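To start, the structure under review is shown below, and the notes come after it.
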Amino acid sequence: MTASEFDLIQRYFSDLGSRRDDVLLGIGDDAALLQPMAGEVLALCVDTLVGGVHFPQDAPADTVGHKALAVNLSDLAAMGARPAWATLSLTIPAADEDWIAAFSRGFGDLARYHGMALVGGDVTRGSLSITVQAAGFVPRGKALTRRGARPGDAICVSGTLGDAALGLQLWQHGRGDLDQETRWLAGRLHRPTPRVSLGLALRDCATAAIDISDGLAQDLGHVLRASGVGAQLDVDRLPVSTAAVRYATGDERLRHFLSGGDDYELCFTVARSCLHKLDAIASRVGVQITRVGTIQPGVGLDLVHTDRSPARLDLPGYIHFGDRGDRG
Ligand code: ADP
Ligand code: MG
């Protein structure tokens with residue numbers, strides 16, 4: 001590493017996030033030394049964001065830093081894990097200090113908010129790409145997985161669906177800054193809020209959980225396959241924001257809410273006996289929770305309307321994916 005790269009790390013990454021007692025040795029040596037908590041298991045995940053693929057190249061640098069960590073925090077949230085440590089591998093075309101400073105601010109603010117320490121990383125030259133690894137803790141036996149959904153369980157989602165995909169469309173057409181609603185949708189794309197406290201609150205309540213990164217239909221599909229069950233989804237109950245209703249129009253609307261990616265909400269299942277706890281959890285963590293369907297025996301996803309008798313809706317490619325291999 002050159003002297004200037006060393007300076008960059010010192011200046012922008014050496015003291016990012018929270019100080020933690022379980023970091024025995026952080027940034028500056030060949031590896032970090034970390035003290036895992038007794039009685040807890042480590043939840044470990046990694047995600048790479050490539051410029052122009054996972055975020056627009058012209059996205060503000062602070063939002064890129066935020067999002068690179070947020071997508072990993074979302075994975076930890078879906079496991080019911082409490083965030084602890086992160087590493088960051090940053091590949092950048094040039095040492096643009098303004099960009100790096102803003103990136104580091106976005107990353108650091110979110111890390112600190114969640115009590116997380118940045119304990120190591122790497123900086124290399126190349127096309128813009130960011131890899132973040134995140135580690136968190138969950139008491140043994142308490143982790144949420146994709147495997148526990150049972151027939152009769154309610155299917156719930158946090159927040160609203162399809163906002164980020166609309167934010168991307170607007171952004172790509174230079175319309176991300178028209179008014180309060182388009183700015184909000186763009187914010188849902190660039191600055192997703194990982195549902196960490198919801199994940200923690202669901203430890204004693206949810207039977208299965210996943211974060212929604214590829215759209216509800218596909219991600220719920222992962223839960224159904226892992227749990228060996230099917231589901232009925234009431235499409236009239238899908239939680240959608242007023243901004244999204246304004247911009248998602250026409251025949252594609254339902255498909256959009258079912259398959260729009262990048263929302264980083266949680267989809268989870270709860271036993272009927274636990275349903276009464278959800279209102280209190282929602283107000284405690286400050287996140288809307290909506291019941292959108294029910295787990296049923298068998299395979300596949302039936303899309304139904306509230307007021308009509310159950311029938312598979314005509315949405316080719318989205319229904320019945322339980323029988324169709326990997327297709328969401
Ligand atoms: P090495 O050559 O041993 O891989 P580096 O020169 O890449 O070491 O990094 C020196 C120290 O700075 C290491 O502790 C490494 O974890 C840390 N580091 C490097 N880049 C980053 C970064 N982007 N964010 C956080 N820590 C970093
Ligand atoms: Mg290195």
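Source: prediction; values computed, not measured. These values consider heavy atoms only, across backbone and side chains, with no hydrogens, waters or symmetry-generated copies.
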To the nearest 0.5 Å, what is the distance between [atom1] on [X] and [atom2] on [Y]?
X	Y	atom1	atom2	value
D214	D219	CG	CG	5.0 Å
L170	L189	CG	CG	10.0 Å
T63	L110	OG1	CG	12.0 Å
L220	C267	CG	SG	4.5 Å
L88	N72	CG	CG	10.5 Å
T160	F257	OG1	CZ	9.0 Å

Is a side-chain donor or acceptor of [X] paired with a backbone partner of [Y] at a separation under 3.5 angstrom?
X	Y	result
Q133	T87	no
H66	P192	yes
T269	A208	yes
H276	S273	yes
T207	A271	no
S227	L224	no
R82	L200	no

**Q.** D29 atom CG, over 12 foreign heavy atoms within 6.0 Å
**A.**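 Buried by this count: over 12 neighbours within 6.0 Å.
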Q) Crowded around D279 CG? As in, over 12 foreign heavy atoms under 6.0 Å? A)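 Atom CG in D279 is not packed in, count stays at 12 or less.
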Of the non-hydrogen atoms in [X] and [Y], which two are nearest, and what is the gap between them?
X	Y	result
A164	D263	N-OD1, 3.0 Å
A186	G176	CB-O, 3.9 Å
L275	R291	CD1-NH1, 3.5 Å
A248	R253	O-NE, 2.7 Å
T91	R125	CG2-C, 3.8 Å
P83	V196	CD-CG1, 3.7 Å

Answer yes if [X] and [Y] sit in the same cluster of Ile, Leu, Val, Met, Phe, Trp and Tyr residues linked by side chain heavy atoms under 4.5 Å apart, and no otherwise.
X	Y	value
I155	V287	no
L168	Y247	no
V157	M79	no
L90	V64	yes
Y113	L69	no

Q | Residue pair H54, I130: steps toward the side chain to side chain contact (heavy atoms under 4.5 Å, CB included) verdict | A | CA-CA 10 Å; H54 301 102; I130 301 122; over 6 Å; no
**Q.** Residue that, paired with L233, satisfies side chain to side chain contact (heavy atoms under 4.5 Å, CB included) out of D302, L258, V304
**A.** L258
Q.
Per the salt bridge (charged side-chain N to carboxylate O under 4.0 Å, His left out) rule, what does the pair list look like for residues 139-159, sequence neighbours excluded?
A. K142-D204
List in chain and number order the residues that pass salt bridge (Lys or Arg N to Asp or Glu O under 4.0 Å) with [X], two or more places apart in sequence or in another chain; answer none if no residue qualifies.
X	result
D262	K67
R112	D109
R183	D177

Q: Test H190 against every option in Y264, W171, F55 by the ring pair (Phe, Tyr, Trp, His ring centres under 6.0 Å) rule and name the one that passes.
A: W171
**Q.** Nonpolar side-chain network containing V119, other nodes, edges under 4.5 Å
**A.**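 Traced through the cluster, V119 reaches V23, L34, M37, L42, W85, F137.
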Taking the side chain as C-beta and beyond, is there a heavy-atom pair between [X] and [Y] under 4.5 Å?
X	Y	answer
E40	P139	yes
P93	L128	yes
C205	L278	yes

Q | Side chains of Q288 and T290, donor plus acceptor under 3.5 Å | A |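 Yes - a donor-acceptor pair under 3.5 Å links their side chains.
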Q. So, D163 versus W184: side-chain donor-acceptor pair below 3.5 Å or not?
A.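 On atom types as modelled, these side chains do not qualify, holding no pair under 3.5 Å.
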Q: Please test V270 against K277 for side chain to side chain contact (heavy atoms under 4.5 Å, CB included), starting from the C-alpha separation and ending with a verdict.
A: CA-CA 10 Å; V270 290; K277 295 185 183 170; over 6 Å; no
Q.
Using the side-chain contact (heavy atoms from CB on, under 4.5 Å) criterion, which residues pair with D62? Sequence neighbours excluded.
A.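 Testing D62 for side-chain contact (heavy atoms from CB on, under 4.5 Å), a comparison that skips the adjacent residues, returns P60, A102, R105, R191.
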Q) Using 4.0 Å as the upper bound for N to carboxylate O, is an ion pair formed by R11 and E97? A)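 Salt bridge flag = yes for R11 with E97.
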Q | F268 and L144: CA distance, side-chain angles, deciding distance, side chain to side chain contact (heavy atoms under 4.5 Å, CB included) verdict | A | CA-CA 9 Å; F268 55 95; L144 306 172; over 6 Å; no
(Q) Could you walk me through whether Q232 and T294 satisfy the side-chain hydrogen bond (donor to acceptor under 3.5 Å, both in side chains) test, starting with their C-alpha distance in whole Å, then the side-chain angles of each, then the deciding distance to 0.1 Å, before giving a yes or no? (A) CA-CA 5 Å; Q232 216 175 61; T294 308; 5.6 Å; no
